[in-house]
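Working notes, beginning with the structure itself.
Per chain, numbering begins at 1; letters A, B, ... match sequence-line order.
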Protein chains: 2
Amino acid sequence: MGLISMAEADRVKKAGPRSTGRPTIRDVSQLAGVSRMTVSRAISDPELVLPATREKVAKAIAALGYVPDRTAGSLSSRKTGFIALMLPTLTNANFAAVAHGLTEALRDANFHLLIAYTEYDMVEEERQLRNLLARRPEAIVMTGATHSPAASKLLLAADVPIIEIADLPSRPIGHVIGFSNHEVGRTAARYLIDKGHTRIGAIGGTVEGEVRDHRGEERMRGFEDELRLAGLSADAVLRYGEAPLSYDHGAAAIGRLLEKSPDCQAVFAVSDLSAVGAMMQCQRMGVSIPDQLSLIGFGDFEIGRIVNPPLTTIHVDFNELGRRTGATLLALLGEDGNARPGRVDVGLSVVERESVRKA
Amino acid sequence: MGLISMAEADRVKKAGPRSTGRPTIRDVSQLAGVSRMTVSRAISDPELVLPATREKVAKAIAALGYVPDRTAGSLSSRKTGFIALMLPTLTNANFAAVAHGLTEALRDANFHLLIAYTEYDMVEEERQLRNLLARRPEAIVMTGATHSPAASKLLLAADVPIIEIADLPSRPIGHVIGFSNHEVGRTAARYLIDKGHTRIGAIGGTVEGEVRDHRGEERMRGFEDELRLAGLSADAVLRYGEAPLSYDHGAAAIGRLLEKSPDCQAVFAVSDLSAVGAMMQCQRMGVSIPDQLSLIGFGDFEIGRIVNPPLTTIHVDFNELGRRTGATLLALLGEDGNARPGRVDVGLSVVERESVRKA
DNA sequence: AACAATTATGGGACCGATATCATCGAAAAG
DNA sequence: CTTTTCGATGATATCGGTCCCATAATTGTT
């Protein structure tokens, strides 16, 4: 017969000069005696293929050790299966938890997370974003509300869903799933005031120069605003050191603060890590918590539950935040691709433990 | 004239039916009046292009807001620019540090890290690996030495450089950059013995059933081996709870251990996090460290420096490990692609602080 | 029994870049 | 002044999948 079937044609076809040598879908189709399309369907849409055919294909795949090339698939289908996630740093349990939760949520949908760290640096953020965009992510998750104009422009031009998390920006670019950092500060201040304190301080990052951790700074501002509202002095609010803030920061900062304002009765730390560092430093200085000094933190890190006394803190459900983000992503990438941008406030709560004097 | 230049041909060419609408290299080439190849070169190999031409291309790129599509580039060049990194979890400062260090090292070479978490689960590891392989990473970094046979087979078939880190496997698959977890345990035991302790215990994960954290288990074994070598009893070595181990684990485990072996003088915790949890629990129980109980941990986590007393621990330079891995990767993906597998032991050291009684 | 609808599969173009080889003019060599 | 070399650029095939439409086989409809 003069007709040459597709399978026949493929059987003749050799791998081209630029091939890698790894088995391709063509090799599978030849071995199984079906067309490439059938192999493709057997993999990604099995119910479209007859069980018997499916079986043949499965055998060929196993025999060859074939692993599909998603690079090629992405190019053709214009679906990369990538979600870009931009974080200040991974070296922070809460951000790591977000990444973790997101990965979890996206795992079954066969998405991959592309993570970039900005190190609290806006120039770096733009560079990273450009690199990320080259991978054609199907959605972008950004942490923190403040971006450079250039970054915002890139984001807009990307023409994919954008989710801003861990903040409640006033002029959001896309979807928002977060909480108010300003409100965190205010809540901390109100709590300390309610417990009867009047000489109240705070420790957070950035002395002078550019602000790196805008979310932390927002918490400081909220704290100051609430103090002023209550007619209290914000003199003992100390900005010191640069993000990322950790234990050492708290230890150093509390020393400076108590030197400057020895009569301080209560302190808010913009991060639990700082708070724990401060607590340990107080132990060393013989300052008793909460008898001589009340301490409240933010983030509800695991370590805060463990120290003595257990740390009172402001809790935000980062797990929930990660899960909500994952669910939103899945919805956005599924049917309602252009649902109008939503705004979710996951809220916050005070976790009362024993590092604050009882009223 | 009858000739139609390439630029002319492109000027005529419209975007095909499957195009995304985002500007492509063709759009840039048309606007700049050069061929696509010239645009490609202007971007990735500028010195091959005349400055004047380069300029034209740069203008066109800026005007269109063109961002190259690395998916297409990857397919064509068979270089994806991906490095796969498989970790037990990201929720561990040391692993996060490795990821961080690696990202840093690869940033300028324009590589992206594809991170997968196994959650200390070998079935999950295989599934993740398969997904990762579909992205055609140019190298694979694996944590921990124990893989399922299927995973090992996949790894071998992938035909890319493989680096196993954070362990020193006896039968490695590829390059190794790590340290001996067994030796960590032995060193801890020797240290406690040298300080004059004779009733020595340890806390780590896994009661019965399958071992999840093989590296942690290796440390426990090394510890036991050294005790036996010294003719001491390993009765107070307690396995309890499942990886990932954190503060709570230590708090719970130390309680059980002291209940079972009240005369225990010294304890090794397979993780600093457990150690700190144990320390805080001891504070609560009125057990003084190091007077009544000596404590040594592993990992040299930041929190260990901050607590009172500061925690004696075994340090491994995970930063160095990450950097070494990055450097090896760059070398492997640069010139000597098939350098014979190397084996680097980054070693370990005891960080003497104050949680162990002085001899 | 004739025709429409449905199911299973195949053929070929296409996604957006780069590898590779060809071309062409200018500079260097003889 | 011719020949060779080199530098800049262009034309085309190709990477490995999937989209889209065509076709053949099967089932359902009246």
**OP:** Please check if the side chain of Arg54(B) supplies one atom and the backbone of Pro46(B) the other of a donor-acceptor pair under 3.5 Å.
**Re:** yes

Original post:
Within the side chain of Glu138(A), is there an N or O that forms a donor-acceptor pair under 3.5 Å with the backbone of Gly81(A)?
Top reply: yes

Return the value, rounded to whole Å, for the distance between atom [atom1] of [X] and atom [atom2] of [N].
| X | N | atom1 | atom2 | answer |
| --- | --- | --- | --- | --- |
| Glu47(B) | dT9(D) | CD | C1' | 15 Å |
| Leu48(A) | dT6(C) | CG | P | 15 Å |
| Asp45(B) | dT20(C) | CG | C1' | 15 Å |
| Arg54(B) | dG7(D) | CZ | P | 15 Å |

May I ask you to test the [X]-[Y] pair for a side-chain heavy-atom distance under 4.5 Å?
| X | Y | result |
| --- | --- | --- |
| Thr89(A) | His100(B) | yes |
| Arg127(B) | Glu124(B) | yes |
| Glu125(B) | Gln128(B) | no |

Subject >> Per-nucleotide protein contact string for nucleotides 14-24 of chain D, where B marks a base within reach and S marks sugar-phosphate only (heavy atoms under 4.0 Å, - for neither) >> reply: BBBBBBB----

Original post:
If we ignore angles and hydrogens, is there a donor and acceptor under 3.5 Å between the side chains of Ser76(A) and Arg18(B)?
Top reply: yes

